[in-house]
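Below, read A as the first sequence line, B as the second, and so on, with proteins coming before strands; counting in each chain starts at 1. What's counted below: heavy atoms across the whole structure, side chains too, no hydrogens, waters or symmetry copies.
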Amino acid sequence: MIDQMNALASQIKPATAVSVPVVEAKGLGLTFETNDGPVHALSNVNLTINKGDFVSFIGPSGCGKTTFLRTIADLEQPTAGTLSVNSMTPRQAREARAYGYVFQAAALLPWRTIERNVALPLEVMGFSRTDVAERIHRTLELVNLTGFEKKYPWQLSGGMQQRASIARALAFDADLLLMDEPFGALDEIVRDHLNSQLLELWARTSKTICFVTHSIPEAVYLSTKIVVMSPRPGRVTDVIESTLPKERPLDIRETPEFLAIAARVRDGLRAGHSYED
Amino acid sequence: MIDQMNALASQIKPATAVSVPVVEAKGLGLTFETNDGPVHALSNVNLTINKGDFVSFIGPSGCGKTTFLRTIADLEQPTAGTLSVNSMTPRQAREARAYGYVFQAAALLPWRTIERNVALPLEVMGFSRTDVAERIHRTLELVNLTGFEKKYPWQLSGGMQQRASIARALAFDADLLLMDEPFGALDEIVRDHLNSQLLELWARTSKTICFVTHSIPEAVYLSTKIVVMSPRPGRVTDVIESTLPKERPLDIRETPEFLAIAARVRDGLRAGHSYED
Amino acid sequence: MTRVYHNWQALAVLVLVASSALSLPLMSGLPSGGSTAIIMISLIAGALAAMATQLSLPRLAVLAVAPHLAAWLLLAQAGQAPGQATASFWVLLAASWLLAWRLASSLSAIKARTRGVDLALRLIIPTLFGVWILLLWEAIVIGAGIPFVLLPPPSAVAARFANSLPVLAADVNQTIFKSVLIGYVLGCSTGFLAAIVADRFVFIRRGLLPVGNMVSALPIIGIAPIMVMWFGFDWHSKAAVVVVMTFFPMLVNTGAGLAADGHMERDLMRTYASGYWQTLAKLRLPAAMPFIFNALKINSTLALIGAIVAEFFGTPVVGMGFRISTEVGRMNVDMVWAEIAVAALAGSVFYGVIALAERAITFWHPSVRGG
Amino acid sequence: MDRFRDKIIPVLTILMGIVIAWYIGAYALNAPFQRDLDRRAGETPTTYEFVVKTMTQPKPTLPAPHQVASNFFENTFLRKVSSARSLVYHAGVTLASTLSGFALGTLLGILIAVGIVHVTTLDRSLMPWIITSQTIPILALAPMIIVVLAAVGITGLIPKALISTYLSFFPVAVGMVKGLRSPETMHLDLMHTYNASKAETFWKLRLPASVPFLFASMKVAVAASLVGAIIGELPTGAVAGIGAKLLSGSYYSQTIDMFSALVAGAVVAALLVTLVGVAGKLVERAMGARPA
Amino acid sequence: ADAVTLQTKWVAQSQFAGYYVALDKGFYEEENLDVTIKPGGPDIAPEQVIAGGGADVVVTWMAAGLAARDKGVPLVNIAQPYKKAGMQLVCPADGPIKTEADFKGHTLGVWFFGNEYPFYAWMHKLGLPTEGGPDGVTVLKQSFDVQPLIQKQADCISVMTYNEYWQVIDAGFKPEDLIVFNYTEMGNDLLEDGLYVMEDKLADPAFKEKMVRFVRASMKGWAYAMEHPEEAGAIIIDNGGQDENHQVRMMTEVAKLIDKPDAKLIPAAYERTAKALLDQKIIEKAPEGAYTTEITDAM
Ligand SMILES: Nc1ncnc2c1ncn2[C@@H]1O[C@H](COP(=O)(O)OP(=O)(O)OP(=O)(O)O)[C@@H](O)[C@H]1O
Ligand SMILES: Nc1ncnc2c1ncn2[C@@H]1O[C@H](COP(=O)(O)OP(=O)(O)OP(=O)(O)O)[C@@H](O)[C@H]1O
Ligand SMILES: Cc1ncc(C[n+]2csc(CCO)c2C)c(N)n1
Ligand SMILES: [Mg+2]
Ligand SMILES: [Mg+2]
């Protein structure tokens, strides 16, 4: 399958990166009111994500990574600052179905088969029948799940479920992908495999990807830009532009350049870390 | 706190490793009968774990790591071969309260506060009141949860719950610790922190530890022995004796020796891996 | 579009008030006077106040007064010529009700900032609903002139209630404090003990739970005449009915609850080599609590119904069921409804107490934690 | 084989125990009146004769199981189904109002739940009253309801069905509110990211998620509905139905008839609950539920 | 044909044989009437049914009828088929009660739901309080069967001469085992099954005329039933009654209460009934216009 994708990738030319901002946050803040008092999940976040960027978010538990992604997706409302998605408000962007969201857990509907799960957003968005069938076929093939169309989620292993949920987010071809620790539940080998597939896809389609992870190597391996966050209140402490080439074989992870970036990320992380969580 | 533990560790001399077998599996097999037919979770497993060993189990999802730990704990019955724990049957060992078990999920009782959760095994085992109080205090301090005694589990983050469950398993000072992916829910920094604390504890008390993980660096960093398993049927494909010294600072992970062992584990893993899972 | 959506009640009220003018007076044979004018004006004022997406406090105040003033005046009109209501009476009544609905929905939209306000809203909104049920009932009964012996107006029921407190108290004492409470406590506790026994002995569990499941679906109320035959007329037979009715739900729910603890937790206790009773006390009973409370709640309504119905089959001359059946025969329908009001009140209090206990004891359960 | 050992034998043993206890009870409860009878007739039977007599009274306080069984058998299998003496006929009448009440109640319960889940005003104002509604002794009101409905010209099946409806809507409403709220936040968020409308979220997420809750509460509801139908039959003049059978039995102290009517009620209840259970299993299977 | 709905006080039994026979034998049809008989049941109040418009004419007891009238349901007696009351109180002869003087401190079973008035009138006459205690009697609301006597839950129970009395006999008591207090014999009787209609409807001559035909046909039915108790019993069974032998016996007993099937109300009995109710304050004011003989006079 990798071969096949490589073949595809060489046919399609990657879009050249012109700096079109897709996500722009200015002084963004978000405070949750709870009965224990306010929780400052995000505070004064300034960040621009350009078209074609692969941005990883990394930071200790509770630093606001998920909250930031959810704010972009219009699942939370900022309480300070401004945020625009494709030069629209997040709400307009959501209504224009501008993005696909992959949750931390697979979040498949247990009463739908894998193919019906992938079809869900297509049904909601009113794609035509033949188009739906074609897209299911294509995306399931992409995540290597051909042959499992008629299976129910519980008949698949955790990794396969995770891939199905990625397929679901890819099916309607949004230009912006928001992925919240999509590979958290997977073991290292499967993870490596999916990482390289995701890179291929990104290179081929010039999507913009926002990716939350706990793994430093994963963040460094995948991203063009790494956003390091720190908690209480959640804020961006470092934004690292990756100097790695776009073409990234798995063994790039042993190069000094890679390790240098990883070390910088680790330092940034450690600095903002509190052991209490 | 680390300082304090270092101080402790230097006072107490680590037990010298005499080869007393704690767990001995000979031709161990376990087959689940399901309505889809039999599932061979373990097959012909031969393994000896000696007193004071720190053994990591690594392998793809579904290869039988959990099953093996559960068999040691007398939570599953082997269908072939023999297994002895402290030269007893697993059942006798369980009834002698020979081990502490840390489950993959925290499994805290929601109606008990953190301290009552840690007290649970002590109550069952009939420790005296003052002893209980003292042990709660000591183990919660060890996992850095002092100040959270009166909180309920749902008021804590996932990582804190995980630590509380580790404290619970440590509270009654069993010589054998069985830990099933105890750090799965934690981010890298917290994980590093707990890893080194676990090493300290192990060095200080000469416990025997069986540790399941998905992370290769974690396995290599922690273990004296790494057991690589592969699925269908679950079997041991490689047992790697670590050549790393017992004293392991965090940056040992960048040494060539470390990377060499990691590479061997990775190869073993990849060999047994099927991408379908 | 959203503006219309938020204001449809107000718009409808304006239309209704206008159309009511077509068929004045409110009561045939009663000239329209100042009171009719006040009704229409207050409804219009209320509708205008409601014409906004977010209601300010003064608007809310107008909206709170208008429909109730109108309804009160409407009732007064109806009282002057019972059974003579015209179309315009009903139209104005509907308009008042729509305004009250708007009031309720604006109150529910308020996000309470303090606990006090939140609690107040939690009480006010359902009370508003209840008050309007009574208002509509009163207006319909009086406006349409429904015979008293079929359905008395709430005002008559309230009057009867106030005048018969000693009788009602005696009935409550007989039915609730003897039959219901004693039967409930006995039934629930024996059901609970049976569940423990069934849990302890696999064989009994396998036999008893399916049978219990079956029996709890049976129309047990049918044994009421038989129980009266066996246990005599006094409260003992009613308590016996209650015992049988509450026993099986408790058995079945506790049985399900004892099976509800997680596998991992049970394994955890096993690793401690914990004994049966220890595991029961420390893990399985606490885990079963939500189920046990479920049974306690179901049983609280069953017990009341069982005791009251059993009194139909023979009783001393006191008790809620006795009173209901006797007073129907004497055409004292207001007394019947007063007794029903007592039953509803007692039942709600009973249920409420159990619900509060549940909150306190299963504080850890997500359904309680979540709000 | 295992099924036999683990399921059937224990159930049979328990049932056996019940039957034995029943016989002992029948003796104990029937003996005093039998003693009175014998005393008035001046007879002194042997112990064996006495025991037999307590088991063969025409109007016993507690009929013996075999008396009920033979009466049940006779009135179920040996009578024409259309005859007013056939239990099948009476069970049919009760079944008709049970089912219509159940259908109405389920529908009403679902509608209320949908309203509560989607309209905040309803959520806030309705729930306490729904609970209060069940504390009203509707069963005690049944006669009045029958009369009041007859006054507006509604007679026959419908009043009984309405009482069943009143009793059965409650478990469905409560269960469905729970069920419709059972989707996890993550699934709701997922639909939100698709900009799905309330209706789409309802049909594609809330409703399928609520199916297990629906069937669980329908089991309770169908039993409640049966109780409603039986109670509704009591005051309609003992014309037809299991309730009417119970009433006319009690009217002439025909305890054996009453018990066999109760048995008929039990059979109907078991049938209905099983049917709902099976329907639930089938639906869940069709929805891809994992076999237990 | 003119439609008439009759609501009876109780389930289908020979107590109402005349109406069922008239229906079955076509006597109503002969009078060009289309009659529907609604059987009653426990806790069906015929007064409530007719007030709600669910029936044109009802069978009820006079005490209940007058009480309803007092509550604003203007019922009028148009015919009184039962001349005598069938209520009695029976006690086992081996029990504590032999005469009225023995009642003190004992438990008596009474039917409620509008049937309790004769009993209370009687106790009122005896000067016995009914709240229990050693100087009064304890009252039980009795179920519809005779179990309380058999189970010894009450010292005496209410029975009808035509119905429950025979159930007691069937249960193994011999007549000499029983002490009987018959309300009629004691002169405590209040009028039982009569036909009642709403007063406002009587103002309509067409309705009145219809009622004349109805009562005439009904009494023809009664006369036929008294002559042919076996056939009447069978007709009752056809209409949902239970236990044919019992129904036939009931018919012969009912015949004794009807005496002469002319349906004429005896004013003296009416006055006694009204007075007894007034004395006990069951009704507040003396009833006026609560009966009419116009219908029976026109027959
Ligand atoms: N709905 C909410 N109400 C109150 N506080 C919230 C809510 N959601 C998140 N928070 C708080 O906001 C902070 C940021 O949470 P967030 O989920 O964004 O963290 P995260 O970086 O995704 O962490 P993790 O790595 O554990 O997923 C945390 O302190 C969390 O407790
Ligand atoms: N109770 C059971 N019944 C049937 N099959 C089971 C049962 N428990 C485990 N298995 C099967 O046994 C195999 C080994 O499972 P096990 O849980 O030990 O894997 P694991 O190595 O712990 O995997 P993971 O890394 O995903 O936790 C799997 O194929 C699993 O499906
Ligand atoms: C609940 C109730 N109990 C007793 C009666 C009394 N009653 C009046 S007429 C009649 C028929 C005579 O056999 C009977 C039994 C009743 N009406 N309702
Ligand atoms: Mg997160
Ligand atoms: Mg595992």
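Note: Asn195(D) leads Asn195(D), Val211(D), Thr201(D) in heavy-atom pairs under 4.5 Å with chain A. Across Arg168(A), Met125(A), Lys151(A), the residue that shares the most heavy-atom pairs under 4.5 angstrom with chain D is Arg168(A). Ranked by heavy-atom pairs under 4.5 Å with chain A, the list Ser197(D), Ala209(D), Pro208(D), Ala286(D) is led by Pro208(D).
Minimum heavy-atom separation, Ala113(D) to Met176(D): CB-CB, 3.4 Å.
Contact annotation for Leu178(A): neither backbone nor side-chain heavy atoms come within less than 4.5 Å of a heavy atom of chain D. Both the backbone and the side chain of His192(D) come within contact range of chain A, judged by heavy atoms closer than 4.5 Å. Of the two parts of Arg94(A), the backbone and the side chain both hold a non-hydrogen atom closer than 4.5 Å to a non-hydrogen atom of chain D.
Aromatic ring centres of Phe32(A) and His40(A) lie farther apart than the 6.0 Å criterion allows. Side-chain rings of Phe183(A) and Phe211(A) approach one another, their centers coming within less than 6.0 Å. Phe57(A) has its ring centre less than 6.0 Å from the ring centre of Phe68(A).
The number of heavy-atom neighbours closer than 6.0 Å to CZ of Arg91(A), taken from other residues, nucleotides and ligands shown, is 12 or below.
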